2 protein chains.
Amino acid sequence: MKNGKPSRKEREYLRHRQEILKVALKLFSEKGFHNVSMHEIAEKSEFAVGTLYKFFSNKEDLYRALMLEASNVFHSSLMAALATSGSELEKIRACVEAKIKVFMDNLDYVRLYMAETQGVSFNVKTSLDPEIMDRYEKFLKQLARVFENGIKKRLFKKFEPYLLAVALDGISNALLFHHVEYPGAHSFDADLIINIFFQQVYEKEDLRDE
Amino acid sequence: MKNGKPSRKEREYLRHRQEILKVALKLFSEKGFHNVSMHEIAEKSEFAVGTLYKFFSNKEDLYRALMLEASNVFHSSLMAALATSGSELEKIRACVEAKIKVFMDNLDYVRLYMAETQGVSFNVKTSLDPEIMDRYEKFLKQLARVFENGIKKRLFKKFEPYLLAVALDGISNALLFHHVEYPGAHSFDADLIINIFFQQVYEKEDLRDE
DNA sequence: TCATATGTTGAATTTTAATTCATATCATGA
DNA sequence: TCATGATATGAATTAAAATTCAACATATGA
């Protein structure tokens with residue numbers, strides 16, 4: 001059937017790889033790296049253990065691949081949001097909205113990704129990829145730059161921009177975590193974050209103190 | 001030597017137990033639960049493996065005991081701070097100060113404790129003690145109550161108190177984590193948290209909008 | 001001093017899970 | 001149809017820890 005497309009074997013290969021990753025993501029995010037065995041992944045993905053090793057050189061490599069994907073999804077989405085045109089406040093609002101969206105759209109990834117960015121990587125092996133840390137760092141720096149510009153323009157009060165970035169990220173994460181753990185306990189949206197954090201840090205025109 | 005104190009064997013027992021816990025805390029906090037073996041704990045604490053099992057029925061039990069201790073230290077300190085007399089703002093300031101202090105005084109515990117409260121408990125077995133979760137929950141509720149009172153007295157703007165509690169906690173954790181990971185990168189103290197979060201949520205007398 | 005209880009030891013056992021690899025299956029094209 | 005290379009298989013191997021327990025040490029007090 002079909003003729004010589006650019007690939008074919010390759011697409012098959014990719015599909016299989018994807019399938020394995022999907023199952024592994026589900027399992028890792030539910031039970032954590034150490035509480036999932038290769039046999040379990042094999043079983044759930046309907047491949048043999050040996051086959052897994054054709055796709056990933058070992059368990060850690062498989063995990064790393066997942067983290068990388070997660071990092072891609074989150075990072076690109078957040079960076080894109082920060083690049084929005086508009087005022088500094090608008091950029092940041094876009095960023096918070098994007099964060100809530102990727103968060104909700106990728107709940108399985110959330111647990112993996114958060115274990116890396118939040119509070120360093122605890123348990124999992126020797127803190128994985130510095131690559132991922134770097135990216136997170138880059139995001140925070142970019143966010144800090146937005147704050148910095150906002151401060152220069154006298155839109156925001158004078159706080160160390162990087163710390164503002166850390167703080168905003170902290171609030172967002174905390175609220176998102178809470179929401180994921182107790183959905184529906186307290187309604188919650190992007191505006192709330194913006195309001196709690198911002199309405200305030202955002203300096204009212206008639207109160208500039210500098 | 002010495003005569004019949006209320007105990008003696010018991011104090012000896014406790015001392016030994018304490019010694020084991022101390023070593024385990026150090027190791028777990030450095031390398032994570034799964035990357036520390038009972039043999040390593042035995043070696044470092046200068047007991048035999050078998051002896052460890054006289055004190056703790058298994059590895060998980062040992063870990064659990066540590067978490068409980070950590071929880072005690074943190075929880076009692078934070079609750080005490082919230083019970084301070086004074087205005088709502090003062091209570092909350094006391095709480096943030098207490099948090100920074102216990103945090104700094106117990107860096108080894110921090111990693112263990114945070115893995116539990118922040119972002120649920122990832123990796124380690126089936127999310128440990130609900131007891132610990134309960135306590136954390138209690139703390140947040142108490143903090144929320146303070147916010148609630150502050151709102152009633154028109155000291156703070158009207159936000160869902162529980163979410164304010166989550167948010168404040170989130171900011172504090174994020175900044176503390178950052179500080180622990182990159183000490184000296186950006187100076188940082190209780191006032192900063194209070195200012196970023198509060199100066200603002202705290203409603204200026206001349207701006208009440210309700 | 002000796003018998004008993006209490007605490008300690010670490011080699012041996014058991015468990016658990018990662019990783020390998022000889023064998024089987026399948027797809028392709030001669 | 002058959003030969004060949006590419007893939008997939010899963011029982012067998014290996015590795016790493018957790019846990020046990022019979023033997024040893026030490027303290028107590030009769």
Side-chain angles (χ1 to χ4, degrees), chain A residues 1-24 26-28 30-67 123-126 128, chain B residues 1-24 26-28 30-67 123-126 128:
Chain A
M1 315 91 207
K2 303 239 167 168
N3 55 350
K5 281 277 179 65
S7 57
R8 163 51 211 301
K9 282 287 181 59
E10 291 189 3
R11 264 178 300 127
E12 199 69 352
Y13 173 87
L14 269 267
R15 204 185 314 294
H16 288 179
R17 189 184 139 99
Q18 229 21 58
E19 185 58 29
I20 294 169
L21 283 172
K22 194 179 109 196
V23 169
K26 179 115 188 304
L27 291 173
F28 283 147
E30 278 169 358
K31 330 206 293 177
F33 183 75
H34 292 285
N35 300 312
V36 174
S37 71
M38 291 300 267
H39 275 87
E40 198 174 352
I41 297 173
E43 189 169 30
K44 292 271 169 56
S45 64
E46 296 175 90
F47 284 103
V49 223
T51 309
L52 301 189
Y53 286 87
K54 288 279 159 33
F55 290 88
F56 305 96
S57 61
N58 56 43
K59 190 181 172 188
E60 182 131 354
D61 186 46
L62 169 48
Y63 185 80
R64 198 187 306 278
L66 275 176
M67 293 302 295
N123 321 356
V124 182
K125 221 42 189 274
T126 46
L128 309 196
Chain B
M1 316 89 209
K2 301 239 168 171
N3 54 352
K5 281 277 179 66
S7 57
R8 164 52 211 301
K9 283 285 180 61
E10 290 188 7
R11 264 175 302 126
E12 198 70 350
Y13 173 86
L14 270 265
R15 205 184 314 296
H16 288 180
R17 190 185 138 99
Q18 228 24 58
E19 185 59 29
I20 295 169
L21 283 172
K22 194 179 108 196
V23 169
K26 180 117 188 301
L27 290 173
F28 282 147
E30 279 169 357
K31 328 206 290 178
F33 184 74
H34 291 284
N35 301 311
V36 174
S37 72
M38 291 301 265
H39 276 87
E40 197 174 353
I41 297 173
E43 188 169 30
K44 291 271 168 58
S45 63
E46 294 175 271
F47 284 102
V49 223
T51 308
L52 301 189
Y53 285 86
K54 286 284 158 29
F55 288 89
F56 305 95
S57 61
N58 56 42
K59 190 182 173 187
E60 183 131 352
D61 186 46
L62 169 48
Y63 185 80
R64 200 186 305 279
L66 274 176
M67 293 302 294
N123 321 353
V124 182
K125 221 44 190 279
T126 47
L128 307 197

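Hydrogens, waters and symmetry mates are skipped; everything else that's a heavy atom, side chains included, is used. Proteins get letters first, then strands, A, B, ... in listed order; numbering begins at 1 in each. Quantities reported herein were computed from a predicted structural model and do not represent experimental measurements.
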Interatomic distance where NE2 belongs to B:H34 and P belongs to C:dT16 [whole Å]: 14 Å
Between D:dA27 (P) and B:Y13 (OH): distance, integer Å: 20 Å
d(CD, A:E60; C1', C:dA17) in whole Å: 15 Å
A:V49 side chain, from C-beta outward: closest of C:dT8, D:dG10, C:dA18: D:dG10
Short side-chain N/O contact from A:K59 to OP1 or OP2 of C:dA18, under 4.0 Å: yes
Sidechain-backbone polar pair: A:K22 side chain, A:S45 backbone, donor-acceptor under 3.5 Å: no
Sugar-phosphate only, base, or nothing, as touched by B:T51 at under 4.0 Å among non-hydrogen atoms: base
Closest to side chain of B:A48, choosing from C:dT9, D:dA18, C:dA18: C:dT9
Nearest-nucleotide 5' precedence on DNA chain D, A:H39 against A:E46: A:E46
Atom CD of A:E30: over 12 foreign heavy atoms under 6.0 Å: yes
Atom pair distance, as rounded to whole Å: CE in A:M38 and C1' in C:dT20: 12 Å
Interatomic distance where NE2 belongs to B:H16 and P belongs to C:dT6 [whole Å]: 17 Å
A:Y13-A:F55 aromatic ring centre distance below 6.0 Å: yes
Nucleotide C:dT9, atom P - distance to CZ of B:F47 in whole Å: 7 Å
Other residues, nucleotides, ligands: >12 heavy atoms within 6.0 Å of A:E46 CD: no
Spacing of B:N58 atom CG relative to D:dA17 atom P, expressed in whole Å: 17 Å
Atom-to-atom span, NZ of B:K9 to P of D:dG29 - whole angstrom: 8 Å
